[in-house]
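The next block holds one structure in the form of C-alpha cells; read it before the comments.
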Amino acid sequence: MSLLSITLLLGTAGAAWGSLKLRGNPCYPLSQPWQAAIFEGSRYNCGATLLSSRWVLTAAHCLTGPIHVRLGDYNLYAHEGSEQNKTVAKSIIHPSYNCTDHDNDVMLLKLKTPATLNRYVQPLGLASQCVEPGEQCSVSGWGTTLNTPENISIILYCTMVHIVSDEKCKASFPGHVNRNMLCAGLKGGGTNSCEGDSGGPLVCNGKLQGVVSWGDVPCASTPKPSVYMNVCKYHHWLLATMWAN
C-alpha cells in the first residue's frame, strides 16, 4: 500500500503522508529538475530527489512493493518527452528506521542504469549544515489536491514554507518529534504537504534540507506544520552508504 491508501497514526499526533495544492501553485516547468516520482506499476506512490546519476533519496515508508523511478516529469499523465523511467537495482532503508514513530524515515534507491543529466534532470546537493528557524525554503510534490487521498495532482506543485523552531515543532507534536526531524510550515501556521507528497524534497538555500515524512490530519485544516527528516543529520550516512554501494 502507498500513502494514498494508508493512514499510520501516531496516537492523535499525526500520520505518515507525504498537499501542496491546498496553498501552493504549479511549479514553473524545469524549475525542479531534481524532483523524482516513485511508481508501483502504473500507480504514483511518492516523491523523491535525485542525488546523482545513480542515486535517489526518498522516505523509507514509500517502499510498499516493487517500485520504479521516473525522472524529468511534470505532468504525471502526459508524455512530454523529458521523462526517464528507471529500474531500481537496490533499495537501502536506514538501519534504524522505525515505522511506528517514523524515526529515520529515509531510504536510498540505486538506479540500475545511470540517469541522463540534462536540463530536465539534474541532481540536488545534500545539506551538510542544519537550517535555522525562520529560513524560507520550498517544497514540491504531486500530493492530493483536496483532502482526499485519491485526488492526487496531475502536475507538480510548489510552495514556499518557513522553518519552524525545534521548540514549536515539539510543542505541535508532544513526544513524537526528535533531533532527526525538522518542521516547516506556512507563516501564520498551517501545513504545506499531505498525502502523496511523501519522500519529496524540502529545499533550502539550494540544498536538500528535508524529506517529506509525516504530519497532522486532516492536512487541509490543521494549524500544525509538516514534519520532515532532517537531511543534515544523515549527511555522513548518506555519503558513506552511496560510496559503499
Side-chain angles (χ1 to χ4, degrees), residues 3 7-25 27 32 35 46-49 57-62 98 100-106 127 129-147 149 153 157-205 207-234:
L3 289 183
T7 303
L8 297 175
L9 292 179
L10 288 176
T12 59
W17 57 18
S19 160
L20 306 179
K21 278 50 67 185
L22 302 172
R23 298 181 180 90
N25 295 287
C27 299
Q32 315 294 313
Q35 179 81 45
C46 280
T49 305
L57 180 64
T58 188
H61 72 257
C62 290
N98 187 320
T100 302
D101 62 14
H102 310 298
D103 195 16
N104 301 300
D105 188 16
V106 291
Q129 301 294 319
C130 296
V131 68
E132 295 294 325
E135 189 74 45
Q136 181 172 274
C137 306
S138 66
V139 60
S140 53
W142 288 278
T144 56
T145 55
L146 300 172
N147 202 37
S153 175
Y157 268 67
C158 292
T159 193
M160 303 304 294
V161 298
H162 290 83
I163 301 300
V164 175
S165 69
D166 289 344
E167 293 75 16
K168 290 183 178 179
C169 184
K170 291 176 180 177
S172 296
F173 306 100
H176 296 289
V177 172
N178 63 36
R179 64 186 300 274
N180 296 323
M181 301 175 186
L182 171 72
C183 278
L186 302 171
K187 273 211 165 179
T191 187
N192 49 77
S193 57
C194 196
E195 288 86 359
D197 291 322
S198 275
L202 175 72
V203 182
C204 309
N205 300 312
K207 299 289 185 180
L208 181 65
Q209 195 74 57
V211 176
V212 180
S213 182
W214 62 275
D216 198 23
V217 289
C219 54
S221 57
T222 180
K224 298 180 180 181
S226 299
V227 185
Y228 301 78
M229 287 298 100
N230 198 355
V231 167
C232 67
K233 303 294 186 180
Y234 297 92

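Since the structure is predicted, the reported quantities are computational estimates derived from the model, not experimental observations. Numbers here simply count residues along the sequence, with the first being 1. What's counted below: heavy atoms across the whole structure, side chains too, no hydrogens, waters or symmetry copies.
- Here the straight-line distance linking atom CE of M181 with atom CG of D103 works out to 4.5 Å at 0.5 Å rounding.
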Item to check | Check against side-chain contact (heavy atoms from CB on, under 4.5 Å), L202 and L182 | outcome: CA-CA 10 Å; L202 175 72; L182 171 72; 3.7 Å; yes

Item to check | Pair V177-W214, side-chain contact (heavy atoms from CB on, under 4.5 Å): steps then yes or no | outcome: CA-CA 11 Å; V177 172; W214 62 275; 4.1 Å; yes

Item to check | From CA spacing to verdict: side-chain contact (heavy atoms from CB on, under 4.5 Å), T159, L186 | outcome: CA-CA 9 Å; T159 193; L186 302 171; 4.3 Å; yes

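- Atom NE2 in H102 sits 9.0 Å away from atom NE2 in H176 (nearest 0.5 Å).
- In summary, of the residues considered (V231, N104, D105, V106), a side-chain contact (heavy atoms from CB on, under 4.5 Å) with N180 occurs for N104 alone.
- In plain terms, the two heavy atoms of A127 and Q209 that are nearest each other are CB-OE1, 3.4 Å.
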Item to check | Pair S226-V212, side-chain contact (heavy atoms from CB on, under 4.5 Å): steps then yes or no | outcome: CA-CA 8 Å; S226 299; V212 180; over 6 Å; no

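- Residue Q32 comes nearest to S140 through the heavy atom pair OE1-OG, 4.0 Å, listed as atom of the first residue, atom of the second, then distance.
- Distance check: Y228 OH to L208 CG gives 11.5 Å after rounding to the nearest 0.5 Å.
- Distance check, rounded to the nearest 0.5 Å: CZ of R179 to NZ of K170 gives 9.5 Å.
- Between the N230 side chain and the K233 main chain, no donor and acceptor come within less than 3.5 Å of each other.
- In plain terms, the two heavy atoms of M229 and S213 that are nearest each other are CE-OG, 4.0 Å.
- The two residues T49 and P201 come nearest to each other via the heavy atoms OG1-CB, 3.1 Å.
- To the nearest 0.5 Å, atom NE2 of residue H61 and atom CG of residue N98 are 13.5 Å apart.
- Here the shortest heavy-atom pairing between D197 and W142 reads OD1-N, 3.4 Å.
- Shown are C137, C204, S138; of these, the side-chain contact (heavy atoms from CB on, under 4.5 Å) with V161 is made only by C137.
- Taking all atoms of both residues into account, the shortest heavy-atom contact from V164 to G185 is CG2-N, 4.0 Å.
- More than 12 heavy atoms of other residues, nucleotides or ligands lie within 6.0 Å of CD in E135, so this atom counts as buried by the packing criterion.
- Exactly one of P133, P225, S172 qualifies for a side-chain contact (heavy atoms from CB on, under 4.5 Å) with C183. That residue is P225.
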